[in-house]
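One structure is given here, and the rest of the page talks about it.
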Amino acid sequence: MHIAEGFLPVGHAVGWTAVSMPFFAHGIYRLRCVLRRYPNSRLLLATSAAFIFVLSALKLPSITGSSSHPTGVGLGTVLFGPSVMAPLGTMVLLFQALLLAHGGLTTLGANAFSMAIAGPCVASWVFGVSRKCRASLMVAAFLAGTMGDWATYLTTAAQLALAFPDAAGGFAGSFVKFGSVFAITQIPLAIVEGLVTALVVDLLISYSRPELVELSFIKEPPDEELADCNGSRSPDHCAPCHGP
Amino acid sequence: MAVALLTIAPLAMVHNVRFQGADNAARDLIGAINPGYRPWLSQVWVPPSAEVEGLLFTLQAVLGALLVGYFFGVCKARSDKEKEI
């Protein structure tokens with residue numbers, strides 16, 4: 001989803017940067033709140049950022065015969081909320097723009113909007129809706145990871161279509177063209193991202209209960225229930241599934 | 001399992017393509033839609049070769065994976081300790 005350096009007209013580059021700025025600033029503010037409020041979850045926050053680092057470095061082949069990469073923003077979104085992801089995602093994009101010639105400084109605003117703002121917002125919304133529909137944490141995390149990833153690429157397609165409307169079809173015609181490059185390629189990769197996100201959430205539930213409880217991602221079962229878990233019932237039964 | 005399958009399957013299923021980056025495909029499409037467009041700025045710095053680019057991408061993934069691994073190591077140690085008590 002990286003729009004290459006100089007590949008957005010000046011007006012669009014400036015515009016997207018201006019749009020992304022307030023989200024970025026709010027994200028920094030939220031980041032400080034999170035660090036102050038959940039001091040024990042700092043390492044988990046760093047891990048969510050590291051998760052973006054790993055996933056966005058992996059270019060995976062897709063059925064359309066081209067390669068693309070997941071975004072990794074779904075995990076941090078479901079744990080810490082979407083606003084925190086704006087600075088974290090932008091940091092990764094800046095690294096890639098400066099050292100990997102992927103994306104660019106002029107297109108950083110547009111790329112940050114798609115990956116660090118639009119993707120997390122959609123992921124957060126999907127997570128909330130799936131939890132309301134009584135989906136388990138794993139299923140909700142899968143859907144959030146998948147849809148957040150896909151939404152990122154749809155946003156990029158829309159950004160490019162806005163900048164380069166088709167001579168015949170206008171914005172819609174161009175959106176279909178860019179969409180066919182990004183969105184279809186991304187379907188299997190988005191599913192991969194969803195699966196990996198759900199996998200990590202599952203690992204966190206098994207190994208990182210104190211942090212998740214602190215974030216009220218899960219609720220600690222009362223002691224009697226814990227005692228029950230040591231008995232004959234399966235541990236699954238006791239895994240609390242009350243969302244935030 | 002499913003993750004590995006989804007990643008490897010395209011390599012086996014689709015032949016005679018180079019799995020070029022979708023970002024580059026989009027760049028080509030810009031050229032097709034608006035042939036007159038010239039990027040007004042080029043990259044600040046470009047890795048000197050595909051190998052060096054690969055190295056930097058690996059470095060990015062390794063740094064991330066290292067931290068993720070460290071976190072789960074800390075958690076595992078903590079839960080083992082709790083079990084001992």
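Chain A is the first sequence line, chain B the second, and so forth, proteins listed ahead of strands; every chain is numbered from 1.
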Heavy-atom pair count under 4.5 Å with chain B, highest-scoring of Gln186(A), Glu193(A), His102(A): His102(A)
Contact summary for Ala101(A) and Trp45(B), nearest pair of heavy atoms: CB-O, 3.9 Å
Residue among Ser174(A), Ala167(A), Ser56(A) with most heavy-atom pairs under 4.5 Å to chain B: Ser56(A)
Donor-acceptor contact below 3.5 Å, side chain Gln20(B) vs main chain Ser66(A): no
Contact class of Val92(A) relative to chain B, heavy atoms under 4.5 angstrom: side chain
Among Gly21(B), Ser79(B), Ala25(B), residue most engaged with chain A (heavy-atom pairs, under 4.5 Å): Gly21(B)
Among Leu100(A), Leu43(A), Ile63(A), residue most engaged with chain B (heavy-atom pairs, under 4.5 Å): Leu100(A)
Geometric class of the Tyr37(B)/Phe7(A) ring pair [parallel <30°, tilted 30-60°, perpendicular >60°]: tilted
Among Val46(B), Val68(B), Ile30(B), residue most engaged with chain A (heavy-atom pairs, under 4.5 Å): Ile30(B)
Gln43(B) side-chain N/O to Gly103(A) backbone N/O, donor-acceptor pair under 3.5 Å: yes
Contacting moiety of Lys177(A), where chain B heavy atoms sit under 4.5 Å: both
Main-chain N/O of Phe164(A) paired with Asn34(B) side-chain donor or acceptor, under 3.5 Å: no
Top contributor to chain A interface from Leu66(B), Leu59(B), Asp23(B) [non-hydrogen pairs under 4.5 Å]: Asp23(B)
Option that, when pairs with chain B are counted at under 4.5 Å, heavy atom only, ranks first among Pro188(A), Pro165(A), Ser62(A): Ser62(A)
